[in-house]
Each structure stands twice: as structure tokens, then as C-alpha cells.
Amino acid sequence: MSDDPKKIERIENERLVELMGRIREDSSEENMIALLKEAAVSRFIVPVDGSEGDYSFHAVSDSKGLKYMVVYADTDSFEVAFEGKKEAQNGVLAGFADLIDVVMAPKMGLSGFVINPGSEEVLFGHEMLRMIAAQMGIGGDGTAKVGEPDRYPPELKKALEGYLLIEPTVSDIWVRLMRENGTDRLIWLIVAKAEGEGEPLKYTLDNLKKYCLPYLDNMDAMTVSDREDFAAQVIKGVKPFVSRDG
């Protein structure tokens, strides 16, 4: 991140702001992919308090009490958010990789970050950021370390077969083992062929993760749609772990 909050250059990111506005009207997969690609090469303004080496970030909480770091897509949105304050709000510049590094640090206690809260307001949660980090090679060599596990949790297959009976929007589920880039931490990658887009799809994937966690031998999991580029690559040629068609 830029380390002098008092000398921030102006940034515009016109294309990013345009795509954020478009997402609010149409959260299709095509628009979301376009937004992700633009965000990945953009810089953002992060409001901070304190002094260099001891910054504190701004965060907002959702209805579940989860905290998200606040960032702004351009200078105009940053200034509008803090107009009327008696003292000027300090901020630092950060690239997308910088934001991922901060948000994913366990000590921060953050569940993601939100761009332009209160206006365009696009949220990036942990699950999506992990997948983007793997694709960008953040913290690693850029290679997706995903493969077939030596063994599956003993109760998982039966549990997921039961899940398909109660969730009609999901037809196939793949289960892979993923090593997070730059660490030795292993997590389960749960890929689902599911109907819907945007918030309905996110809701389905979130519920699938909650359903799976008790059967994963105390390991964490990431749930993604099979339509994501990263997921499509790691399940190519792989038979589903469970399928509605058997």
C-alpha cells in the first residue's frame, strides 16, 4: 500500500465504477466476471486512522455481525463519503492483491471488503477472495494446488446424497482437496452444479458449505459454482462425487 496518507494521487477507475453500477442492475455471471477482471488491475483508496506503521482500517458490519473493510473505487466516491467532516479523512492507495492480503490475515478478523458502501456497494467475501487469490497466484507460485484426496471423510458421501434430495437446484457436486497458496493449510473445495445467478446462487453455495462442515473432519471448505473458470479447470474430466443422476 502507498504509505503516505496525506499525499494520495487522484484516481478515477471509470470502467470499474461503471461496472459496479451495472452489477446493481444486472448481477449476471458475465457482468460479475467483467467486474472481477477490472478490479484485479485497479487501485483503491482505503480510509485509515492513525499514523504510518499503526494504521487502523474502517469496517462495516452486516446483519450477522460479520465485518468488512471499507474501500473506495475512486477519489470522487472517497471525498463524497467523508464530506462535511471537520478534519480531512486520511487514506492510502492499495491494489487488489494488497486488499486480499489484509483481509485474509487471521489477526484482522475480517470477512472481506466492500467497495463504495452506501452507493454502488459491491462486496467481496472470503470465499470469493480465496478463489481469486489462487487464480492471481497471490502468496504462491500461481499454480492451483488442487487434487484428489487420499481419502474422503467417511460420512460425507452419504450426507451429500441426502443434500441432493432436499436441494433441487443442485444436480452435481465435486469434492477436491486444495492447498492454499503460500501455506501448508489444506481445505476442501466443494464445486456444485447449481441453478441461479447472483445472490440466489451465493445463498445456495453458502448453505451447501454450512451443510458440509459437520462432515469434513474439522477442516474448512470453500464452495464455488462449476461455472467459475477456476472451478471448471479443476473438475475437468473428473466424475462428480455425488450426482442426482447417480
Side-chain angles (χ1 to χ4, degrees), residues 1-25 27 31-139 182 198-199 202 206:
M1 293 190 184
S2 171
D3 57 5
D4 189 345
K6 296 178 181 178
K7 297 180 180 179
I8 296 182
E9 64 182 271
R10 293 191 68 85
I11 58 174
E12 295 184 352
N13 287 335
E14 292 181 5
R15 173 65 174 163
L16 178 65
V17 174
E18 174 193 342
L19 288 167
M20 288 171 62
R22 189 182 302 174
I23 285 289
R24 290 184 67 84
E25 301 295 328
S27 58
N31 284 343
M32 195 63 194
I33 289 173
L35 174 64
L36 288 175
K37 288 180 177 178
E38 188 66 26
V41 296
S42 297
R43 289 190 298 167
F44 301 84
I45 301 179
V46 183
V48 296
D49 297 322
S51 56
E52 182 180 343
D54 189 29
Y55 291 143
S56 62
F57 301 102
H58 292 206
V60 294
S61 298
D62 66 9
S63 59
K64 299 177 182 178
L66 300 176
K67 292 197 306 180
Y68 296 87
M69 183 170 72
V70 170
V71 307
Y72 291 91
D74 59 6
T75 302
D76 287 344
S77 59
F78 175 75
E79 291 177 345
V80 167
F82 294 100
E83 65 182 355
K85 283 192 63 174
K86 292 183 179 179
E87 297 182 6
Q89 174 63 51
N90 284 337
V92 294
L93 293 183
F96 199 78
D98 296 322
L99 299 181
I100 292 179
D101 285 342
V102 171
V103 167
M104 301 302 282
K107 66 179 181 179
M108 299 300 294
L110 295 166
S111 294
F113 64 85
V114 58
I115 308 174
N116 290 8
S119 53
E120 292 84 4
E121 194 164 313
V122 174
L123 186 147
F124 289 84
H126 266 192
E127 303 297 334
M128 182 178 290
L129 292 175
R130 281 178 182 166
M131 185 170 61
I132 295 170
Q135 290 179 290
M136 293 174 69
I138 296 170
E199 284 302 315
K202 181 179 182 301
D206 287 346

- Message: Between Asp98 (side chain only) and Gly95 (backbone N and O only), is there a donor and an acceptor less than 3.5 Å apart?
- Response: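 It does hold such a pair.
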
- Item | Heavy-atom donor-acceptor pair, Ser111 side chain to Tyr68 backbone, under 3.5 Å |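 Flag not set: sc Ser111 to bb Tyr68 has no pair under 3.5 Å.
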
- Task: Might you confirm whether atom CD of Glu12 has over 12 heavy atoms from other residues, nucleotides or ligands at distances under 6.0 Å?
- Result: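 Check fails, neighbour count at 12 or below.
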
- Is the centre of the Phe96 ring less than 6.0 Å from the centre of the Phe113 ring?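 Close enough - the centres of the two rings lie under 6.0 Å apart.
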
- Evaluation steps, side chain to side chain contact (heavy atoms under 4.5 Å, CB included), between Met32 and Ile23: CA-CA 7 Å; Met32 195 63 194; Ile23 285 289; 3.9 Å; yes

- Query: Using 4.0 Å as the upper bound for N to carboxylate O, is an ion pair formed by Asp74 and Arg10?
  - Reply: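 Looking at Arg10 and Asp74, the cut-off is not met.
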
- Salt-bridged, Glu18 to Arg15, with N to O below 4.0 Å?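 A salt bridge is present here (some side-chain N lies under 4.0 Å from a carboxylate O).
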
Minimum-distance pair of heavy atoms, taken over all atoms of [X] and [Y]:
{"X": "Val17", "Y": "Ala73", "result": "CG2-CB, 4.0 Å"}
{"X": "Pro117", "Y": "Val70", "result": "CG-CG1, 3.7 Å"}
{"X": "Ser77", "Y": "Asn116", "result": "OG-OD1, 3.3 Å"}
{"X": "Leu16", "Y": "Leu35", "result": "CD1-CD1, 3.5 Å"}
{"X": "Leu110", "Y": "Ala59", "result": "CD2-CB, 4.3 Å"}
{"X": "Ala94", "Y": "Val46", "result": "CB-CG2, 3.9 Å"}

- Begin from the C-alpha positions of Leu99 and Phe124 and carry the test side chain to side chain contact (heavy atoms under 4.5 Å, CB included) through to its verdict. CA-CA 10 Å; Leu99 299 181; Phe124 289 84; over 6 Å; no

Less than 4.5 Å apart, side chain to side chain, heavy atoms only: is that true for [X] and [Y]?
{"X": "Phe44", "Y": "Leu93", "answer": "no"}
{"X": "Val114", "Y": "Glu121", "answer": "yes"}
{"X": "Gln89", "Y": "Asp49", "answer": "yes"}
{"X": "Arg22", "Y": "Leu19", "answer": "yes"}
{"X": "Glu83", "Y": "Val80", "answer": "yes"}

Just verifying a value: how many Å separate [X] [atom1] and [Y] [atom2], rounded to the nearest 0.5 Å?
{"X": "Ile45", "Y": "Ile115", "atom1": "CD1", "atom2": "CD1", "result": "12.5 Å"}
{"X": "Met20", "Y": "Asn13", "atom1": "CE", "atom2": "CG", "result": "9.5 Å"}
{"X": "Glu14", "Y": "Asp76", "atom1": "CD", "atom2": "CG", "result": "9.5 Å"}

